[in-house]
2 protein chains.
Amino acid sequence: MTPRQRSPKQPRFRRQLPEERRQALILATIECLKRYGHDGLSVRTISAAAGVSVGLINHHFPNKDELIAAAYRYFNNELVGAMLAAVARAADSPRERLHAFLTASFSPPNLDADVLTVWVVFWGLYRHSRLIQRVHQETYEDYVRLVRGMLAELMTEARSKESRSNAARTPRADLRLAAIGFTALVDGLWLEWCLEPGTFRPAEAIALCEAWVGSLTRRTRGPALE
Amino acid sequence: MTPRQRSPKQPRFRRQLPEERRQALILATIECLKRYGHDGLSVRTISAAAGVSVGLINHHFPNKDELIAAAYRYFNNELVGAMLAAVARAADSPRERLHAFLTASFSPPNLDADVLTVWVVFWGLYRHSRLIQRVHQETYEDYVRLVRGMLAELMTEARSKESRSNAARTPRADLRLAAIGFTALVDGLWLEWCLEPGTFRPAEAIALCEAWVGSLTRRTRGPALE
DNA sequence: CATCTTGTTGTACGATCGTTCAATAACGTA
DNA sequence: TACGTTATTGAACGATCGTACAACAAGATG
């Protein structure tokens, strides 16, 4: 009987370093977001998921919004970090780097409906929360720089390989628009797949993106302008 | 003084037909969604925006979720209807129809950060609400059919114009992937603009989409497959 | 003008929200 | 072992949530 009875030496809880506990709460927040969407963002749900009492959140974070912003920062950094790592891991051919980027974009853990749920909730908070806006601004620029860098490599490579006569003709405006279009295509396909996974395979999404980049570099002006 | 004093014959409220009141509540719901995001979805906020007391919502709708689902249905129908109308209004050239579609997509009232806010909140509800899922399924298929129809026109036109020898070569798979890629590009650009309106102009988004479709129809296989 | 129907009001209720705070106890340190 | 620091608990608070419902009144009907 009473298998639940605590032996006298068994502590009822374990103290942790503030940094570790903060990280655990951040992970619990994201987990709740995946499981319950926006409704998962209550201190009671989060603290229960973290195996901790309600009051502890306000001991490690000034308020709930700061915890959510911290979770958003972690989530963003995780994504950008994974992308940077995937690209860095690939060979130094621009084409292979792009392929690595796309493969990472269209495979787990990124390609997951739960991940979309998390993003959507954060987007929903974006417009009315200065905190979320600031975190977005601070973390997203690394992602933009990565995309622009990859495309710039590809376009200069294609430019130098194609012809030596008009080597400097590709205008800067094309890189800007190319990055915009590429990001839109990747994000749009990712969104589409997460909303309805049955309609196409990840490999097809990668092929679509690579074909877009291909038609971009085959002719110097690309599909960016008619 | 007391300009607020009601003259004895002034009625304190006006009775309306259930259908009219329902519609007014739906419009108020969308308005609150635009203004306050997810936090605007409370019966008190909505009823205040509609100039009506709290209890009236539960008199015209079985519960709050049904009101939200009705608002989602209206919002979807409004968008799809505007798109169908814009395309129907255009001349019968497939190119012009596509242009009309893109122009409607990338101009007000669709191209609006407030509209994005509304979408994001609905997406956030999608995964955990059977009601929202059903409404989405019922209303979105018209949109998909419109896009597929436009692209099919363009591809068959390009096919017959290009060469009579291999007229029947364009595989069906290309239309499917083309529609997927096109939708992704349009939605992705739209999302990007709403999140950060300063980075590119609507006309540039339209040009990007038309260039994509152009490179799709120039060579029979298009950028869909390498 | 009296009557009836029913759209509308506004209070009340229980549940849940985020936050506060005094009490508790885990665990490093002397 | 005794002490001190502080991470942790859990009850309590006021606010707000969605819903129910009895009372009210607008407007059609006779």
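Fair warning: this is a prediction, and the values are worked out from it, not measured in the lab. Each chain gets a letter, A, B and so on, in the order its sequence line appears, and its residues count up from 1. All values below were derived from every heavy atom in this structure, side-chain atoms included, with hydrogens, water molecules and symmetry-related copies excluded.
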Practice task
Decide yes or no for B:T45 and B:S42: does some side-chain heavy atom of the first lie under 4.5 Å from some side-chain heavy atom of the second?
Solution key: yes
A:F61 atom CZ is separated from D:dT8 atom P, nearest whole Å, by 12 Å
To the nearest angstrom, the CG-P distance between A:L17 and C:dC27 comes to 11 Å
I'd like a list of close polar pairs between nucleotides 27-30 of chain D and the protein, N/O only, cut-off under 3.5 Å.
none

Residue pair A:T45/B:Q16 against DNA chain C: nearer the 5' end by closest nucleotide is B:Q16
Is it true that a side-chain atom of A:K64 and a backbone atom of A:I57 form a donor plus acceptor pair closer than 3.5 Å?
no
Taking D:dT9, D:dA25, D:dA7 as options, the one with an atom nearest any side-chain atom of A:H60 is D:dA7
In whole angstroms, the gap separating C1' of D:dG18 from CG of A:D39 amounts to 13 Å
- prompt: Is a salt bridge present between B:E66 and B:R22, judged by a nitrogen-to-oxygen distance below 4.0 Å?
  reply: no
Note to self: Is it the case that over 12 heavy atoms from other parts of the model lie below 6.0 angstrom from the CD atom of B:E20?
What the structure shows: yes
Between NE2 of A:H59 and C1' of C:dT24 the distance, given in whole Å, is 13 Å
Can you give the donor-acceptor pairs under 3.5 Å from side chains of residues 124-131 of chain A to other protein atoms, not counting sequence neighbours?
from	atom 1	to	atom 2	distance (Å)
A:R127	NH1	B:A113	O	3.3
A:R127	NH1	B:D114	OD1	2.6
A:R127	NH1	B:T117	OG1	3.0
A:R127	NH2	B:D114	OD1	3.4
A:H128	NE2	B:R35	O	2.9
A:S129	OG	A:L131	N	3.4
A:S129	OG	A:I132	N	3.2

Can the ring centres of B:F75 and B:Y72 be said to be less than 6.0 Å apart? no
### Message
Between A:E204 and A:R201, does any NZ, NE, NH1 or NH2 come within less than 4.0 Å of an OD or OE carboxylate oxygen?
### Response
yes
A:R21 atom CZ is separated from D:dT9 atom C1', nearest whole Å, by 11 Å
Separation of D:dT19 atom P from B:I46 atom CD1, nearest Å, is 11 Å
Ring-plane angle category for A:Y140 and A:H136, please: parallel below 30°, perpendicular beyond 60°, tilted otherwise.
parallel
Atom pairs, N/O to N/O, protein against nucleotides 18-21 of chain C, distance under 3.5 Å?
from	atom 1	to	atom 2	distance (Å)
C:dG18	OP1	A:L41	O	3.2
C:dG18	OP1	A:K64	NZ	2.5
C:dG18	OP2	A:V43	N	2.9
C:dG18	N7	A:R44	NH1	2.8
C:dG18	O6	A:R44	NH2	2.8
C:dT19	OP2	A:K64	N	2.9

**Item:** Whether over 12 other heavy atoms sit under 6.0 Å from B:Y36 OH
**Value:** no
